[in-house]
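Inspection log for the structure reproduced underneath, given as structure tokens.
What you are looking at is a predicted structure, and each value in this text was computed from that prediction instead of being measured.
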Amino acid sequence: MTSENTNSAGSSAAHIKSVESLDQSNEMERGLKNRHVQFIAIGGTIGTGLFLGSGKSIALTGPSIIFVYIGVGLIMFLLMRAIGEMMYSDPSQHTFINFITRYLGRGWGKFAGWTYWIVLILTGMTEITAVSTYFVTFFGTFGIDLNSWKWLIELCFLVALTGINLIAVKVFGEAEFWFSMIKITLIVGLIVTAIVMLIIGFSYPATHIEGVDGTVSGATVSLTNITDGFQLAPNGWMNFFMSFQMVFFAYQLIEFVGVTVSETQNPREVLPKAVNELIMRILIFYVGALIAIMAIVPWRNFHENSDGSFGSPFIMVFKYAGLDWAAALVFFVVITAAASALNSLIYSAGRHLYQLASDSESPAMARLAEVSDHKVPAKAIVASGCMILFSPIINAIPGISGAFVLFASAASAVVIFIYVLTMLAHHRYRQSSDFLPDGFVMPAWQVFDWIAITFFVLVYVTLFLSTDTIGSAIAGLIWLVAFGGYCLLHERFQNRDLKEALQQ
């Protein structure tokens with residue numbers, strides 16, 4: 001049967017089941033309101049990279065970085081439309097990973113489930129380290145040295161955020177709402193500052209900026225700072241292509257909204273809104289911020305420091321605007337962004353471990369597949385939090401710390417495999433009898449699915465082109481072959497044993 005015939009058969013057979021009927025096995029509470037999900041989606045697209053890392057991306061390829069952000073944003077939007085369509089068809093699922101199991105088999109589902117949970121834990125470890133580092137930097141601007149207390153800062157943040165996740169899902173949603181509000185306020189403040197400077201033709205002298213080596217040249221705020229001498233690849237085509245992977249990693253966790261659907265009120269009304277508004281958020285918060293930054297600070301003024309770091313464009317802009325406490329302001333928001341990411345990672349890791357435990361035949365794992373009186377997977381959340389707690393211990397051991405950095409960067413690379421499997425699962429969904437023609441349908445799926453898959457593969461290929469990322473690329477590939485091969489073989493042997501048992 002051809003794809004068209006299969007799809008046609010599926011379309012005529014499938015019908016939209018009510019959320020209530022699908023929720024019979026869903027023990028979670030639907031405590032997330034529309035505003036929670038909207039701001040969770042916003043929070044998923046705005047990380048610390050925008051506030052601290054955008055200087056490096058601007059220096060890499062100049063004003064054309066705007067087009068890179070738009071292009072990668074469109075691809076990530078396709079990913080979210082695919083996830084959104086599948087979650088719309090069955091909003092009782094706790095994670096989009098379940099659709100990989102359903103449409104690609106238990107082997108790939110097991111690989112994706114465990115891989116994604118490990119990625120969340122490793123990313124959580126890096127985020128808790130980042131939180132303490134930013135916290136120390138924030139208080140350092142006031143002359144307070146907290147370096148010796150980093151371990152306690154990490155412990156306090158982790159306990160507090162785990163506690164938020166344990167109370168109730170609506171408490172988590174409320175925390176993310178306010179975390180996102182703080183980040184949005186700073187970005188809007190940046191854009192408004194740029195507009196005012198443009199209108200009055202603001203000029204500033206050469207200034208020393210905290211976190212930037214030497215003195216940064218003065219300039220007049222103007223859109224010509226972006227357009228003068230514009231080139232698509234001013235620093236070479238290799239740097240231009242490398243910028244795609246940097247921007248791609250900045251968008252990671254955008255898929256997080258696909259983990260909240262089973263706990264969202266009116267999911268079939270809220271989910272399409274949250275997904276469809278992603279493009280507008282990308283244009284405002286990423287592209288708008290970058291245009292504002294480069295209108296104020298000529299892109300050629302972004303240079304690598306002697307230690308390999310780059311100054312924060314946000315600190316530079318607000319410093320030029322006359323805010324001497326700009327560094328403290330930005331690092332306060334960065335702490336918020338990192339805490340928000342960690343909060344979301346704990347939430348997501350808890351749900352994924354709960355799902356893995358529910359699917360496991362192990363009695364020990366079954367204990368994690370329990371929901372507390374507050375309707376949250378408390379044991380899975382605590383177990384995930386305890387794993388993240390190993391971060392300060394690992395960082396204290398020099399030999400292990402170096403290996404951990406490699407594993408953490410490899411974890412980011414491995415997410416690409418999850419995205420590819422998700423798009424393949426969506427392709428199978430559209431050819432299955434589950435397809436809902438009246439659902440949240442992704443248009444031109446035959447083309448867009450393969451465009452997204454091709455892009456993800458190309459991003460992974462670029463990891464082999466840089467000495468900074470080739471180690472993580474190789475480690476990720478080894479993980480795919482080793483663990484992916486094990487999961488597929490395990491499923492094959494299980495199916496064979498089951499078939500033999502039935503024949504007997």
Side-chain angles (χ1 to χ4, degrees), residues 23 26-48 83 87 91-97 116-117 119-121 123-125 127-128 131 154-184 252-267 270-271 273-274 335-357 368-389:
D23 263 357
N26 180 17
E27 299 181 70
M28 305 291 190
E29 178 187 7
R30 292 194 175 275
L32 295 176
K33 299 179 181 178
N34 178 48
R35 66 183 179 91
H36 293 146
V37 176
Q38 294 292 334
F39 277 79
I40 285 170
I42 293 172
T45 60
I46 305 172
T48 57
I83 291 174
M87 294 301 292
S92 68
Q93 298 301 312
H94 303 303
T95 166
F96 64 95
I97 299 291
Y116 197 72
W117 180 76
V119 166
L120 292 171
I121 296 300
T123 308
M125 288 179 172
E127 287 293 346
I128 193 65
V131 166
E154 293 179 13
L155 179 62
C156 290
F157 266 94
L158 189 59
V159 170
L161 295 175
T162 302
I164 287 172
N165 275 273
L166 290 174
I167 297 171
V169 69
K170 60 184 177 183
V171 176
F172 160 78
E174 203 65 32
E176 278 304 294
F177 174 83
W178 289 107
F179 280 149
S180 296
M181 186 69 76
I182 292 171
K183 292 186 284 187
I184 290 168
Q252 276 195 357
L253 292 185
I254 196 174
E255 75 279 2
F256 172 63
V257 72
V259 186
T260 64
V261 179
S262 67
E263 296 170 270
T264 299
Q265 297 175 6
N266 305 314
V270 173
L271 180 64
K273 292 179 182 178
I335 290 170
T336 300
S340 171
L342 182 60
N343 192 36
S344 297
L345 287 163
I346 294 171
Y347 173 94
S348 187
R351 270 62 184 178
H352 280 89
L353 185 57
Y354 168 82
Q355 187 64 56
L356 288 166
L368 298 175
E370 297 176 5
V371 174
S372 70
D373 294 338
H374 297 283
K375 302 296 182 182
V376 298
K379 292 182 178 179
I381 291 171
V382 171
S384 298
C386 288
M387 293 298 295
I388 295 173
L389 193 58

Evaluate side chain to side chain contact (heavy atoms under 4.5 Å, CB included) for Val371 paired with Val376, printing each intermediate quantity in order. CA-CA 5 Å; Val371 174; Val376 298; 5.7 Å; no
Is there a donor-acceptor pair under 3.5 Å between the side chain of Ser340 and the backbone N or O of Thr336? no
Can you check side chain to side chain contact (heavy atoms under 4.5 Å, CB included) on Leu368 and Leu356, steps first, answer last? CA-CA 9 Å; Leu368 298 175; Leu356 288 166; over 6 Å; no
Which atom of Thr123 lies closest to which atom of Val119, heavy atoms considered: OG1-O, 2.6 Å
Close side-chain approach of Val257 to Ile83, heavy-atom, < 4.5 Å: no
I want to check something: taking the side chain as every heavy atom from C-beta on, are Pro377 and Met28 in contact at a cut-off of under 4.5 Å? yes
Which residue is it: Phe256, Trp117, Tyr116? I am looking for the one with a ring pair (Phe, Tyr, Trp, His ring centres under 6.0 Å) to His352. Tyr116
Is any side-chain heavy atom of Phe96 closer than 4.5 Å to a side-chain heavy atom of Met87? yes
Looking at every heavy atom in both Val259 and Ser348, which two are closest together, and how far apart are they? CG2-OG, 3.9 Å
Can you name the closest pair of heavy atoms from Ala175 and Ile164 and give their distance? CB-CG2, 4.1 Å
Could you pull out the closest heavy-atom pair between Ala338 and Val131, with the gap in Å? CB-CG2, 3.5 Å
Are any of the side-chain heavy atoms of Gln355 and Ile97 separated by less than 4.5 Å? no
Can you tell if the side chain of Val169 reaches within under 4.5 Å of the side chain of Lys375, non-hydrogen atoms only? no
Please answer whether the main-chain N or O of Ala378 pairs with a side-chain N or O of Ser372 as donor and acceptor at a distance below 3.5 Å. no
Could you tell me which non-hydrogen atom of Leu353 sits nearest to which non-hydrogen atom of Ser384, and how far apart they are? CD2-OG, 3.8 Å
Looking at Arg30 and Val261, would you say the former's side chain and the latter's main chain have a donor-acceptor pair under 3.5 Å? yes
To the nearest 0.5 angstrom, please state how far the CG atom of Leu32 sits from the CD atom of Gln265. 8.0 Å
List the steps and the verdict of side chain to side chain contact (heavy atoms under 4.5 Å, CB included) for Ile346 and Phe172. CA-CA 10 Å; Ile346 294 171; Phe172 160 78; over 6 Å; no
For Tyr347 against Thr260, the heavy-atom pair lying closest together: OH-CA, 3.7 Å
Nearest-0.5 Å distance, CD of residue Glu29 to NE2 of residue His374: 10.5 Å
As an exercise, state the distance from OG1 of Thr264 to CD1 of Ile40, rounded to the nearest 0.5 Å. 7.0 Å
To the nearest 0.5 angstrom, please state how far the NZ atom of Lys183 sits from the CZ atom of Phe179. 9.0 Å
Could you grab the distance from atom CD1 of Ile182 to atom CZ of Phe177, nearest 0.5 Å is fine? 11.0 Å
May I ask you to test the His36-Glu174 pair for a side-chain heavy-atom distance under 4.5 Å? yes
Using 0.5 Å steps for rounding, measure from the CE atom of Met125 to the CE atom of Met387. 5.5 Å
Flag side-chain contact, heavy atom, 4.5 Å: Val382 against Leu166: yes
Candidate pair Leu120 and Arg351, rule side chain to side chain contact (heavy atoms under 4.5 Å, CB included), full reasoning: CA-CA 11 Å; Leu120 292 171; Arg351 270 62 184 178; over 6 Å; no
